[in-house]
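To start, the structure itself, in structure tokens.
Order of the sequence lines fixes the chain letters, A, B, ..., with proteins taken first and strands second; residue numbering starts at 1 for each chain.
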Protein chains: 2
Amino acid sequence: MPGPRGPVWWHGRFRGCGYRITLGREAILHVLTRAEAHLSAEDIYLKVHPSCPSVGLTTIYRTLELLVDMGLVHKFDFGDGRARYELAEGPKKEGHHHHLVCTSCKRVINYTDFIDEELEFLKRAEEGLAKKYQFDITNHMIQFYGMCDNCRKKKA
Amino acid sequence: MPGPRGPVWWHGRFRGCGYRITLGREAILHVLTRAEAHLSAEDIYLKVHPSCPSVGLTTIYRTLELLVDMGLVHKFDFGDGRARYELAEGPKKEGHHHHLVCTSCKRVINYTDFIDEELEFLKRAEEGLAKKYQFDITNHMIQFYGMCDNCRKKKA
DNA sequence: CTGGTTAATGAAAATCATTTCCATTTATTG
DNA sequence: CAATAAATGGAAATGATTTTCATTAACCAG
Ligand SMILES: [Mn+2]
Ligand SMILES: [Mn+2]
Ligand SMILES: [Zn+2]
Ligand SMILES: [Zn+2]
């Protein structure tokens, strides 16, 4: 149930780009907004299906591509063979975090620690790199890989 | 031409794990050692083929998986639909760098700038995260995304 | 050096996430 | 409400990667 049709934070962005606001898109954003985990296209399809059975997997993929291009959603590859999607920034600014990926079980942990000193480092790096390589930097990604608690115990 | 069969830097690692040293593996490592770019499995297949036409694509995939698991090779997803591989560390310590990825043309630039302050930041982050999340961190990845010189000009 | 053991391999087939096609639907606008 | 073009769904295509299985060859003991 996508809720009342009132103006929603992302409607403006859509209208501004000349994109239409459809039931499917509404449902997909709704799921992404409430997602705890890092959802695959199929995960989203399954969550959208009960309330909007008419939305097909193709639309999920198309919408996600659109959202990624608009910068509203980030796309990740955690090594399990399917892309994972996550809202870039909600209405609340909970957002900015990075990932700890277990190479053994593919579990992913969001962390926000060290974000301050990280921001410091990133700002200078971005500036320097942009100038040196004539790159217009819009985004970054940091991931740490290793073995999680559970997997380490299993090995022992 | 995989060169003389003398002891090579990675032979020890292989023997230690009980892995056999085969012509195919020799050829694949040889290509990776000399690679300038970030090669896909097929790129490697094509480079190996002339001197070792008997090595099939399946072996390329299998060997790359092995090398990634051993930590000798890093696997990347730059968003063009195929995995890219790069030697983690050669005999010479040229290695450590990160990537600038053009989201428009998928061009990738290696950079080593800011590595010192980055290392500082990473060391502390790794320690803190390892303790807090009980993660055994073995690796990390940093990528900046944006639009490269060429692509920006085209848009203008 | 040689034969036995078993990892490694190639080719073909299977998998499966993602994309493409195209006829149909629907959001938007006046 | 009608006109228009964007958006969509379902089926088929795509294409990278994986699996299967019969064959080869690396390695080791003798
Ligand atoms: Mn996350
Ligand atoms: Mn590189
Ligand atoms: Zn794990
Ligand atoms: Zn570019």
Side-chain angles (χ1 to χ4, degrees), chain A residues 2 5-8 10-29 38-46 48-70 73 75-85 106, chain B residues 2 5-8 10-29 38-46 48-70 73 75-85 106:
Chain A
R5 209 56 171 327
V8 184
W10 52 272
H11 284 193
R13 293 283 301 269
F14 265 63
R15 291 250 160 67
C17 297
Y19 299 140
R20 296 181 178 178
I21 289 159
T22 67
L23 267 174
R25 288 171 177 181
E26 206 110 53
I28 292 167
L29 263 301
H38 304 94
L39 304 178
S40 67
E42 195 185 2
D43 290 338
I44 295 170
Y45 172 75
L46 292 173
V48 162
H49 199 71
S51 56
C52 299
S54 75
V55 175
L57 189 52
T58 308
T59 292
I60 307 282
Y61 275 108
R62 276 187 295 228
T63 302
L64 286 170
E65 186 186 8
L66 190 74
L67 293 170
V68 169
D69 285 348
M70 294 175 74
V73 163
K75 181 179 183 178
F76 293 97
D77 167 33
F78 293 134
D80 68 341
R82 54 190 61 195
R84 301 274 166 182
Y85 301 86
K106 315 295 182 196
Chain B
R5 209 54 171 329
V8 184
W10 52 271
H11 284 193
R13 293 283 303 267
F14 265 62
R15 291 248 161 66
C17 298
Y19 299 141
R20 295 179 179 178
I21 289 159
T22 67
L23 267 173
R25 289 172 176 180
E26 207 110 53
I28 292 167
L29 263 302
H38 304 94
L39 304 177
S40 67
E42 194 183 4
D43 290 339
I44 295 170
Y45 172 75
L46 292 173
V48 162
H49 200 70
S51 56
C52 299
S54 75
V55 173
L57 188 53
T58 308
T59 292
I60 307 282
Y61 276 109
R62 275 188 293 228
T63 302
L64 286 170
E65 186 186 7
L66 190 74
L67 293 170
V68 169
D69 285 348
M70 293 176 73
V73 163
K75 181 178 183 179
F76 292 99
D77 167 31
F78 294 133
D80 68 341
R82 55 189 60 193
R84 301 274 166 182
Y85 301 86
K106 314 296 182 196

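Between B/His11 and B/Arg25, every side-chain heavy-atom pair lies at or beyond the 4.5 Å cut-off. Side chains of A/Met70 and A/Tyr19 form a contact here, defined as non-hydrogen atoms less than 4.5 Å apart. Between A/Ile28 and A/Ile44 there is a side-chain heavy-atom pair separated by less than 4.5 Å.
Every residue two or more places apart in sequence or in another chain was checked for a salt bridge (charged side-chain N to carboxylate O under 4.0 Å, His left out) with A/Asp77, and none qualifies. For A/Phe78, the ring-ring contact (aromatic ring centres under 6.0 Å, His included) partners two or more places apart in sequence, or in a different chain, are A/His38, A/Phe76, A/His99. A/Glu42 is linked by a salt bridge (charged side-chain N to carboxylate O under 4.0 Å, His left out) to A/Arg82, counting only residues two or more places apart in sequence or in another chain. Listed by chain and residue number, nothing satisfies the salt bridge (charged side-chain N to carboxylate O under 4.0 Å, His left out) test with A/Arg62 (two or more places apart in sequence, or in another chain).
A/Ile60 places its CD1 atom 13 Å from the C1' atom of D/dA7, with the value rounded to the nearest Å. As a whole-Å value, the separation of A/Ile21 CD1 from D/dT8 P is 12 Å.
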Can you tabulate the close N/O pairs, meaning under 3.5 Å, that link protein atoms to atoms of nucleotides 6-9 of chain C?
| from | atom 1 | to | atom 2 | distance (Å) |
| --- | --- | --- | --- | --- |
| C/dT6 | O2 | B/Arg20 | NH1 | 3.4 |
| C/dA7 | O4' | B/Arg20 | NH2 | 3.4 |
| C/dA7 | N3 | B/Arg20 | NH1 | 3.4 |
| C/dA8 | OP1 | B/Arg20 | N | 3.4 |
| C/dA8 | OP1 | B/Arg25 | NH1 | 3.1 |
| C/dA8 | OP1 | B/Arg25 | NH2 | 3.4 |
| C/dT9 | OP1 | B/Thr22 | OG1 | 2.9 |

Protein and nucleotides 14-17 of chain D: nitrogen or oxygen contacts under 3.5 angstrom:
| from | atom 1 | to | atom 2 | distance (Å) |
| --- | --- | --- | --- | --- |
| D/dA16 | OP1 | B/Arg82 | NH2 | 2.3 |
| D/dT17 | OP1 | B/Ala83 | N | 2.9 |
| D/dT17 | OP2 | B/Tyr61 | OH | 2.4 |
| D/dT17 | O5' | B/Tyr61 | OH | 3.3 |

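Atom OH of B/Tyr85 sits about 6.5 Å away from atom OH of B/Tyr61, to the nearest 0.5 Å.
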